[in-house]
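Encoded as C-alpha cells, the structure appears first; notes follow it.
Per chain, numbering begins at 1; letters A, B, ... match sequence-line order.
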Amino acid sequence: MSARVAVLVFPGTNSEEETHRLLRDCGVDAEIVHWSRAETLKSYDAYVLPGGFAYEDRIRAGAIAAHDRMMDFVIEGAQKQRLVLGICNGAQMLLETGLVPGTGPIRQPTAAFTHNTSRHFICMPVTMKLVAAPSRCAITAALPEHACVPAWAAHGQGRLAAHADDLAVIAQGDHVVFAYAHTDGRVDASAVPNGSALMAAALTNREGNVLAMMPHPERDGWGYSHLDRGGRRDPLAPSGGSVLFAAFAAALRVSA
Amino acid sequence: MSLVAITLKIPDNEAYTALRALQRLGIDVARVQRSELYREHDVPEGAYNPNKHVMHILAHAAPSAGEIWIEELDGPSDGRRFVAWRLLDATQTPLGHNALELAAQRLLCNPAIEKALIAA
C-alpha cells in the first residue's frame with residue numbers, strides 16, 4: 001500500500017489545489033484535508049502544508065496556525081520521522097512551531113520568515129539552488145547535487161531572521177538546504193529577493209525529515225506556468241518545479 | 001518620545017482571534033484590545049482613518065497595567081514602534097505580570113524577531 005499524504009487546509013490557505021494536483025501527477029496518493037477534519041490526520045504518512053494566509057496572518061504569519069489542532073498531528077508525525085513539507089505560509093508555520101530549524105523546544109521558535117527588507121509583497125520567478133548535500137534532507141535526497149529548481153516567490157514575509165547565535169547554529173548545522181540563486185546557478189546576495197539571512201530559501205530540521213520552503217515550486221509545475229512558452233511547450237507537461245515534488249515522491253517510497 | 005496609539009473603534013478581528021487563541025492556550029483572559037503605537041510625528045498616511053480608528057497620545061512611553069508591547073527587532077521601520085496588546089479578565093481587571101509573560105511567550109511574541117515589553 002502506498003504512503004498517504006495529507007495536504008492541509010487552514011482557513012485562508014490558497015494553494016492546496018495546485019499542490020495536490022502536482023503531488024498526484026508525481027504519483028503520490030495525496031488528499032486535501034480541511035481543518036474541520038483535523039482528527040483524521042493521524043492516519044496519514046506525510047504532510048504537506050501549502051501556501052496562503054492561514055488565519056489571515058493575524059499576529060504574525062503562521063502564529064495562529066502553529067497552535068491549530070492540525071499542527072498537533074503534524075508535530076507528532078514529524079517527531080515520528082514522517083515527512084513534512086511546508087511551502088510559503090506552510091514554511092512560516094513550521095518555523096513558528098519550532099519544528100524548523102528544530103534547534104529549540106516545540107512552539108518556542110528560534111527563527112522566523114518575516115517581513116521582506118523592502119516591506120513589500122513580491123511576486124517573481126526565482127531559482128533555488130540545492131546548497132546542502134542532497135541527503136541532508138530526506139525530501140531532497142533524490143535530487144542531483146547542486147540542483148537548481150525554478151519556483152515563484154510570492155510573499156511579503158519571506159526573509160529568514162533570527163538572532164546571530166541562532167543563525168550560526170543554522171549555518172553550522174547545514175539547515176539551509178536551498179539558497180536563492182541566479183538562473184545560471186550562481187549564489188550571491190543579488191539573487192536574494194527579500195533580504196533573507198544566509199540567502200536561505202528553504203530550511204530543514206536536524207533530522208532532515210521536515211523542509212520549510214518559501215518559494216512555490218508548484219507554481220512552476222506545468223508548461224502553462226510559463227508565460228513565454230510560445231505555443232511550443234505542452235501546457236500540461238511537467239515543468240521545472242515538479243522535480244521537487246518528484247523528489248518528495250521518491251522520499252515517500254524510501255520511507256515506506 | 002511621545003507615542004500615539006491608534007485603535008480600531010469597529011470590531012477588531014485580530015484582537016478577537018488573539019483572544020480565542022490565548023484562551024485555548026490556557027490563559028485566563030476575557031478581553032483583548034490591540035493598538036498600534038507610532039512616534040507622534042511619524043504616523044504614516046493611511047494608518048489613521050477617523051471612520052474606523054480612535055487616536056490618542058500616551059501619557060507615558062511604557063506599557064500600562066495589563067499591557068504587552070511588541071517591538072520588531074532590527075526590522076525595517078515603517079514608523080510603527082509597537083503593537084500594544086491589553087489583556088483583561090472577566091471583571092475587566094488587567095492581567096498580572098505572570099499571565100502577560102505567559103501570553104507573550106506562548107503567542108504574542110516570537111523572540112527570534114520581536115521583543116516584548118511587559119507591564120510590571
Exercise. Side chain, backbone, both or neither: which part of Glu96(A) has a heavy atom under 4.5 Å from chain B?
Worked result: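 Contact with chain B is through the side chain of Glu96(A) alone.
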For this session: Could you tell me the separation between the CZ atom of Arg60(A) and the CG atom of Asn110(B), rounded to the nearest 0.5 Å?
Result: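 Between atom CZ of Arg60(A) and atom CG of Asn110(B) there are 5.0 Å.
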Exercise. Once you round to the nearest 0.5 Å, how far does CD of Gln108(A) lie from CD of Gln105(B)?
Worked result: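 Taking CD in Gln108(A) and CD in Gln105(B), the distance rounds to 7.0 Å.
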Just wondering, are more than 12 heavy atoms of other shown residues or ligands nearer than 6.0 Å to [atom1] in [X]?
X	atom1	result
Tyr16(B)	OH	no
Lys9(B)	NZ	yes
Glu40(B)	CD	yes

Problem set entry | chain A-proximal positions within residues 19-36 of chain B [heavy-atom distance under 4.5 Å] |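 So far as heavy atoms go, Ala21(B), Arg24(B), Leu25(B) are the residues that approach chain A to under 4.5 Å.
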Exercise. Considering all heavy atoms of both residues, which atom of Ala18(B) and which atom of Ile59(A) are nearest to each other, and what is their separation?
Worked result: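 Closest heavy-atom pair between Ala18(B) and Ile59(A): CB-CD1, 3.8 Å.
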Problem set entry | Minimal non-hydrogen separation, Ala161(A) against Ala112(B), with atom names |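 Here Ala161(A) and Ala112(B) meet closest at O-CB, 4.4 Å.
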Problem set entry | Largest heavy-atom contact set with chain B, pairs under 4.5 Å, which of Ala66(A), Ala63(A), Ala112(A) |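 Counting heavy-atom pairs under 4.5 Å, the top option is Ala112(A).
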Can you list, pair by pair, the side-chain donor-acceptor contacts under 3.5 Å of residues 199-208 of chain A, counting residues two or more places apart and other chains?
{"unit_1": "Thr204(A)", "atom_1": "OG1", "unit_2": "Val210(A)", "atom_2": "O", "d": "2.7"}
{"unit_1": "Asn205(A)", "atom_1": "OD1", "unit_2": "Gly208(A)", "atom_2": "N", "d": "2.8"}
{"unit_1": "Asn205(A)", "atom_1": "OD1", "unit_2": "Asn209(A)", "atom_2": "N", "d": "3.1"}
{"unit_1": "Asn205(A)", "atom_1": "OD1", "unit_2": "Val210(A)", "atom_2": "N", "d": "3.2"}
{"unit_1": "Asn205(A)", "atom_1": "ND2", "unit_2": "Glu207(A)", "atom_2": "OE1", "d": "3.2"}
{"unit_1": "Asn205(A)", "atom_1": "ND2", "unit_2": "Asn209(A)", "atom_2": "OD1", "d": "2.8"}

Exercise. Should the pair Arg119(A)-Glu72(B) be classified as a salt bridge under the 4.0 Å nitrogen-to-oxygen rule?
Worked result: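 A salt bridge links Arg119(A) with Glu72(B).
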